[in-house]
S.K.: 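Structure in structure tokens, see below.
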Amino acid sequence: MKSTHILLALVALSVIATPASAQQEVRLKSGGVLLGSATIDGEHAIVLVGDSTLKVPLANVAEISAVAKADQPQPRRMLLTALESRILNGASKEVVGILAEASRLSPEDPQIAFWYATSLLDAGYGKAAHEALQSNLAAIRKAYPGAADQLASRVEQRLAIEKLPGDLVQRLDHLAAHGRQRESGGSRDQRACYAVFRVVDQRGAPVQVTRQAIQASGNDEQLEPFSGGYYLFSFFQYSNNHHEPCLLNIRDIGVRQETLQLRIGESAYRLPQEIAVHRFDESDKRQLLVKAVGRDGKPLKGARVVLTPLSSNGNVSDQELDFKANAKGEASVQAFPGSYQVRVERPGFVSVAENVQIRNEDDSQQQEFKLYPQIAAAADVEWRWLSMVGGETLQGEVRAAFSTISGMQQQFPFPIRFEQEADSLFIHMMGPQMGSWNGRPHSRIPSIKEMVVETDNDQPADREAQQKAFDALDLKKLSDSSAKFKEIEFNQGRTSTRAPIEIGKIYVVTVTTINHQRGQPGELAFKVWVDRDTSVRSEGAARGEDSPFSGF
């Protein structure tokens, strides 16, 4: 027979053998004792203590026996039982119920009143804790000097929290009981940090906040909105980052841009931080005259002008102001003072973006943007990667219109993209830097060469000759190739390489890099032929504008 069934049988015999009107001692496994009239109801012992009925799981009961009389007053025995249960299980409803009955039986006992108010507070009942404390505060202060005032302060704080929106209070209670669970893996030596706040304008109206507006030196960051414009921001932080501030960047359109510091704590139980900001009115707007012109300085009618607020670290907001240029290529922008990214774009042209500060002291400012026609080009790329470990070979090829190639990470073991700046084309390779693999150093700084395509008449190679030369170049035999090459100068950054390229030219790039899908270093070689693309024509070329590439 299971131990629970044995206990149930013994308890039942004890209860049956005792007259219903007699006092019984219900001894808990925690060591606590209840005095009252006990009966059995399924898996629970029902103990009638005075006018209160307590329901105790039989799994928590060690013994039920009859007693002639208690060794000490019943309220005191109940206090002892409640304190033992608090130590073992925390401020549970069972503890609150026991102390409620003890307080009813002995309302003048300051120790019972103190622990009753404490348990109510810990269980989240601020108003009831306030009533229990205030009913006998003078006597409690004598019984617990200092501690009574600390409890009173905690009760007042809880009363203030309970005035907050119900959904926020419920969330704070949950975090106080369980903490925030990590949404991803990480080190256990990180601490959870919290900030509760509300942003309002000078009229008291809430101001919306987005996750992008907050800078914090942590991870697993989460911003939760609640009723009334309140927010709870939480994240995990390493102990050595605790001195770094958590910043709130106010960058909403129509609100004065500010960077403010959020109060961060390791407990979500704290009064919200009220942040007041200034909302502009129409009289605060200033004019920014944006002029869009082509390479030749002529106005670009219909260009789109977009203003986006900037944060203090240069990140753009998710809000935008959108304008359209007139026949003179001008857009008169009315905007509030602050930092903005101004982007000008038009179909068939490369868009341009600059950061602009609209100043309160200037009634009007002017900014000119020069746009260049998109170059109609295409790129043929063939690549080959040879593992330095097992000799495995990967290879492939891809062709795309120049304006549509942004990266080849899915088809290419070395991410590249093609870019246009003014009237020039560039190949941009990400990740070339020094590194090591299993202690073996390897260079990820590429070699970039232009292939010299020779012709019989010393004239520039035509498209057919370029195609033939490109097809004939074997990536397996680059070291044995009879082709002629010349080195290309390029800008070498810490994490990328950028080299100029031209239409009608063939380039060869070699580099030692790591294929992250394989987790191995290898020798990568690829050849690029930049060709004209007759399927892509810029709007500028369609309107007859000159282009240095219009002859292809």
Side-chain angles (χ1 to χ4, degrees), residues 295 348-352 371-384 396-409 411-432 444-455 459-475 478 481 483-493 495-511 513 524-538 540-541 546-552:
R295 182 183 57 244
F349 291 82
V350 179
S351 63
V352 179
L371 278 64
Y372 289 81
Q374 289 181 350
I375 299 172
D380 278 286
V381 180
E382 291 186 17
W383 59 271
R384 182 176 183 271
E397 59 183 88
V398 63
R399 175 182 172 86
F402 186 84
S403 60
T404 62
I405 297 181
S406 59
M408 300 181 182
Q409 291 90 331
Q411 310 171 60
F412 199 63
F414 191 73
I416 67 174
R417 67 173 181 264
F418 295 88
E419 302 171 337
Q420 177 182 345
E421 183 178 302
D423 277 331
S424 301
L425 299 179
F426 295 88
I427 181 172
H428 194 162
M429 294 164 284
M430 305 300 295
R444 297 173 68 180
I445 301 177
S447 167
I448 306 175
K449 299 177 181 180
E450 177 190 332
M451 182 179 179
V452 179
V453 182
E454 296 181 336
T455 61
Q459 295 297 316
D462 58 17
R463 189 172 187 276
E464 183 178 350
Q466 296 165 8
Q467 179 76 67
K468 185 177 179 180
F470 181 79
D471 294 340
L473 186 60
D474 191 347
L475 293 175
L478 283 177
S481 175
K484 295 182 180 180
F485 299 92
K486 63 179 182 180
E487 293 285 346
I488 299 297
E489 294 184 2
F490 55 86
N491 293 326
Q492 173 63 46
T495 60
S496 65
T497 297
R498 190 167 182 258
I501 56 178
E502 297 179 36
I503 290 180
K505 302 286 186 174
I506 298 172
Y507 301 90
V508 174
V509 181
T510 56
V511 65
T513 185
L524 172 68
F526 63 92
K527 58 181 180 179
V528 180
W529 175 31
V530 185
D531 187 22
R532 69 181 185 274
D533 185 10
T534 56
S535 66
V536 179
R537 298 192 66 203
S538 71
D546 293 334
S547 168
F549 305 102
S550 59
F552 291 92

S.K.: Mind listing the closest non-hydrogen atom pair of L475 and A525 along with its distance?
M.R.: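 Looking at all heavy atoms of both residues, the shortest contact is CD1-O, 3.8 Å.
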S.K.: Counting only N and O atoms by type, is there a donor-acceptor contact under 3.5 Å from the side chain of K527 to the main-chain atoms of F470?
M.R.: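 Side chain of K527 to backbone of F470, a donor-acceptor pair under 3.5 Å: yes, one is there.
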S.K.: If you compare all heavy atoms of V453 against all heavy atoms of A465, which two are closest, and at what distance to 0.1 Å?
M.R.: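 Taking V453 first and A465 second, the nearest heavy atoms are CG1-O, 4.2 Å.
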S.K.: Can you tell if the side chain of I448 reaches within under 4.5 Å of the side chain of T497, non-hydrogen atoms only?
M.R.: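 Counting from C-beta outward, I448 and T497 do come under 4.5 Å.
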S.K.: Between atom CZ of F490 and atom CD1 of I501, what is the distance when rounded to the nearest 0.5 Å?
M.R.: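 Atom-to-atom, F490:CZ and I501:CD1 are 14.5 Å apart.
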S.K.: For atom CD of E487, decide whether the heavy atoms of other residues, nucleotides or ligands shown that lie under 6.0 angstrom number more than 12.
M.R.: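 More than 12 heavy atoms, drawn from other residues, nucleotides or ligands, come within 6.0 Å of this atom.
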S.K.: Is the shortest heavy-atom distance from the side chain of L473 to the side chain of L478 under 4.5 Å?
M.R.: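 Side-chain contact under 4.5 Å: yes.
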S.K.: Report yes or no: does E419 contribute a side-chain atom to a donor-acceptor pair with the main-chain N or O of H428 at less than 3.5 Å?
M.R.: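 Looks like no, no N/O pair under 3.5 Å.
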S.K.: Let me confirm one number: the CG-CD1 distance from D531 to I503, rounded to the nearest 0.5 Å.
M.R.: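 The CG atom of D531 sits 8.0 Å away from the CD1 atom of I503.
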S.K.: Taking all non-hydrogen atoms of both residues into account, name the closest pair between R498 and E421 and its distance.
M.R.: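 Minimum heavy-atom separation between R498 and E421: NH2-OE1, 2.7 Å.
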S.K.: Roughly how far apart are I488 CD1 and Y507 OH, rounded to 0.5 Å?
M.R.: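 Going from CD1 on I488 over to OH on Y507, the span is 5.5 Å.
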S.K.: I'd like to know if the side chain of E489 reaches the main chain of P500, judged simply by a donor and an acceptor atom lying under 3.5 Å from each other, with no hydrogens or angles considered.
M.R.: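 Not at all, since once roles are kept as given, no pair shorter than 3.5 Å links the two residues.
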S.K.: Taking Q466's backbone N and O only, do any of them form a donor-acceptor pair with E464's side chain (distance below 3.5 Å, no angle check)?
M.R.: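 No, E464 side chain to Q466 backbone: no donor-acceptor pair under 3.5 Å.
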S.K.: Hey, what do you get for CG (L425) to CZ (F418), rounding to the nearest 0.5 Å?
M.R.: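 Answer for the CG-CZ pair, L425 versus F418, is 9.5 Å.
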S.K.: Mind checking the CH2-CE spacing from W529 to M451? Nearest 0.5 Å is all I need.
M.R.: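 If we round to the nearest 0.5 Å, W529:CH2 and M451:CE are 12.0 Å apart.
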S.K.: So, applying side-chain contact (heavy atoms from CB on, under 4.5 Å) with E450, which one of K486, E502, K484 is it?
M.R.: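 Exactly one candidate clears the test, K486.
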